[in-house]
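Below is one structure, written out as structure tokens, with a few remarks after it.
Only this structure's heavy atoms are used, side chains among them; waters, hydrogens and symmetry mates stay out. Note that ligands are numbered from 1 as they come in the structure, with each ligand's atoms numbered from 1 the same way.
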Amino acid sequence: MEPLGAEIQGLDLSNPLSPQERNALVEALDDRLVLVAHEQKLSDPQLLAFSATFGELDPPGPNPYGIPFNEEFPEINVISNVIENGRPIGGLGAGEAVWHADMTYIDIPPRGAVLHAHEIPENGGGNTYFADQYAAYEALPDDVKKQIDGKRAVHDASRNSAGQLRKGYEEVTDPRDTTGAVHPLVRTNARTGRKALFLGRRKDSYILGLDLDESEALLDILWAHATQDRFAMCHEWRVGDVLMWDNLAVLHRRDSFDENARRIMHRTQIKGVEAIA
Ligand code: SIN
């Protein structure tokens, strides 16, 4: 098994990639799931062009404020705690963002995401962690693999990973009524045939066909297993980092940071593909 995460060296991502360079990154992403290039400086059009090398882009999901964060380039999501003229310039604030995969509450979730660091708190914090869900699936006891085989869960659309209710959504009071896409608990990568746990986000998830308490108990076991340190890596950000991840094969979370510091990241989402259950 390849270790999680790898560094891209010798490429200026603001320039178009050759087909060979693009294919090498696709292969590296399949193997290492998280790739980072340091000391990059991408304008929004360059970030869009780099991301679109890997496929069509998804617009960001709804945010709690019901405002677009980047009107000029609506496919870019802004992740930031900065408030300008009384209005947040981005989402998720300065608190912790809990373990999740992006936008799995839609039927065909993004296969990848690209996050570019524009401003980072000087005193640290705001590290982002990734957990390898192929490794997590492979390490499950056989009886749990059997138990989850063919089972599907609903992925809550109502709250973001900072726990905020998205504009236009109601509070979920019973996970059996959760609104969001339903996905198999195990997803197979169409190119490599590898199986990954596919959990989305814990809050208000529900495994279809189980009693609520059985679903809660099984989800607690799966989440505790999937987010262990032995499957995870930590990324400590530097300004200029461009980080991309396989959104269908890793979970990620982010530490909180000083709310008085500025953190500004621009993110794109690369459209997904149908799962082979
Ligand atoms: C995200 O969940 O995509 C944001 C991660 C981060 O702010 O580092």
Side-chain angles (χ1 to χ4, degrees), residues 4-5 29 33-38 40 42 44 47 50-51 54 57-65 69-70 75-83 88-106 109-133 155-164 166 198-203 223 226-227 232-259 261-272:
L4 181 60
L29 194 62
L33 310 182
V34 181
L35 302 179
V36 63
H38 299 296
Q40 305 289 320
L42 272 62
D44 284 345
L47 176 63
F50 171 71
S51 308
F54 304 97
L57 303 183
D58 265 326
N63 64 53
Y65 317 103
F69 291 136
N70 192 328
E75 280 159 331
I76 289 185
N77 196 1
V78 181
I79 311 293
S80 184
N81 63 319
V82 173
I83 312 266
I89 67 161
L92 300 186
E96 181 188 355
V98 297
W99 285 110
H100 67 286
D102 290 328
M103 292 171 58
T104 62
Y105 48 82
I106 65 174
R111 66 202 286 206
V114 182
L115 192 58
H116 185 28
H118 287 230
E119 291 187 46
I120 292 299
E122 274 176 17
N123 296 328
N127 296 336
T128 305
Y129 300 77
F130 295 87
D132 178 345
Q133 297 304 291
H155 292 220
D156 176 46
S158 70
R159 287 183 186 274
N160 66 17
S161 54
Q164 299 161 313
R166 299 177 200 273
F198 192 63
L199 301 178
R201 57 196 66 213
R202 172 65 186 90
K203 188 164 162 36
W223 276 94
T227 56
M233 58 161 273
C234 170
H235 181 67
E236 292 180 26
W237 290 95
R238 305 183 208 162
V239 170
D241 283 354
V242 171
L243 193 139
M244 62 190 296
W245 64 89
D246 181 334
N247 188 54
L248 305 177
V250 294
L251 292 166
H252 61 282
R253 64 168 283 271
R254 183 199 75 197
D255 281 338
S256 61
F257 55 94
D258 177 1
E259 62 183 3
R262 287 169 64 91
R263 187 176 188 273
I264 304 179
M265 325 281 280
H266 282 199
R267 195 185 78 193
T268 54
Q269 304 72 223
I270 301 158
K271 251 190 210 311

Numbering as shown, the atoms of ligand 1 that approach [X] to under 4.0 Å (heavy-atom distance):
{"X": "His100", "result": "2 (O)"}
{"X": "Ile79", "result": "7 (O)"}
{"X": "Thr128", "result": "6 (C), 8 (O)"}

*Mind checking whether Tyr129 and Trp99 have parallel, tilted or perpendicular rings, split at 30° and 60°?*
perpendicular
_Check for me whether His235 has a heavy atom closer than 4.0 Å to any atom of ligand 1._
no
*May I ask you to check whether Arg267 has an N/O atom sitting below 3.5 Å from an N/O atom of ligand 1?*
yes
*Report the residues that fulfil salt bridge (charged side-chain N to carboxylate O under 4.0 Å, His left out) with Glu259, sequence neighbours left out, ordered by chain and then residue number.*
none
For [atom], what is the nearest protein heavy atom, given as residue, atom name and distance?
{"atom": "atom 4 (C) of ligand 1", "value": "Leu92 CD1, 3.9 Å"}
{"atom": "atom 7 (O) of ligand 1", "value": "Arg263 NH1, 2.8 Å"}
{"atom": "atom 5 (C) of ligand 1", "value": "Leu115 CD2, 3.9 Å"}

*asked:* Contact between Leu115 and Val242 at the side-chain level, heavy atoms closer than 4.5 Å - yes or no?
replied: no
*Should Ile76 and Arg267 count as side-chain neighbours, where that means a heavy-atom distance under 4.5 Å?*
no
*Under 3.5 Å, is there a donor-acceptor pair between the side chain of Arg263 and the main chain of His118?*
no
*Any sub-3.5 Å donor-acceptor pair from Asn160's side-chain atoms to Ala162's backbone N or O?*
yes
*Out of His252, Arg253, Arg254, who gets a non-hydrogen atom closest to atom 2 (O) of ligand 1?*
His252
*For salt bridge (Lys or Arg N to Asp or Glu O under 4.0 Å), just list the numbers for Glu96 and Arg253, CA-CA rounded to whole Å, side-chain angles, deciding distance to a tenth of an Å, and then say yes or no.*
CA-CA 8 Å; Glu96 181 188 355; Arg253 64 168 283 271; 3.2 Å; yes
